[in-house]
Amino acid sequence: MGLFWDLIQQSELENQKGKAESLEERVAVLETELSTTKALLLKTLHILEKSSGLDINDDGKIG
């Protein structure tokens, strides 16, 4: 029974390691997507400010 239990524990440890690695990969992808989304949002904001003539984000500048 002890050997069987050791095999189950080892399998669970390997599963958890795989989940952690995939979580790290998912976080890296999400960070990249966030960066891309922020850049697009800033471009959109600049275009909107230029076309409306309003300082939408209150940074003291238009565009």
Side-chain angles (χ1 to χ4, degrees):
M1 185 70 177
L3 180 60
F4 183 68
W5 182 249
D6 288 344
L7 288 173
I8 291 174
Q9 286 182 325
Q10 184 63 35
S11 175
E12 287 299 315
L13 287 172
E14 289 177 15
N15 287 341
Q16 289 300 322
K17 182 181 176 190
K19 286 180 182 177
E21 289 172 354
S22 67
L23 180 61
E24 289 173 2
E25 290 172 5
R26 288 173 49 201
V27 168
V29 168
L30 289 172
E31 287 175 340
T32 301
E33 287 180 6
L34 176 61
S35 178
T36 303
T37 302
K38 282 182 173 181
L40 178 61
L41 182 58
L42 283 173
K43 287 179 184 178
T44 305
L45 177 64
H46 291 177
I47 291 169
L48 185 58
E49 283 187 346
K50 285 180 182 178
S51 67
S52 70
L54 300 172
D55 181 17
I56 297 171
N57 63 349
D58 294 325
D59 66 352
K61 307 183 264 189
I62 295 176

d(Arg26 CZ, Glu33 CD) to nearest 0.5 Å is 11.5 Å
Is it possible for you to say whether Leu54 and Leu48 belong to one hydrophobic cluster, with membership spreading through side-chain heavy-atom contacts below 4.5 Å?
-> yes
Under 3.5 Å, is there a donor-acceptor pair between the Glu14 and Gln10 side chains?
-> yes
Check Ile62 against Asp55 and note the closest heavy-atom contact, atom names and distance.
-> CG1-N, 4.0 Å
Over all heavy atoms of both residues, which pair between Ile56 and Glu49 is shortest? Give the atoms and the distance, please.
-> N-OE2, 3.0 Å
So how far is it from Leu45 CG to Lys38 NZ, rounded to the nearest 0.5 Å?
-> 14.0 Å
Could you tell me whether the side chain of Thr44 and the main chain of Leu40 form a donor-acceptor pair under 3.5 Å?
-> yes
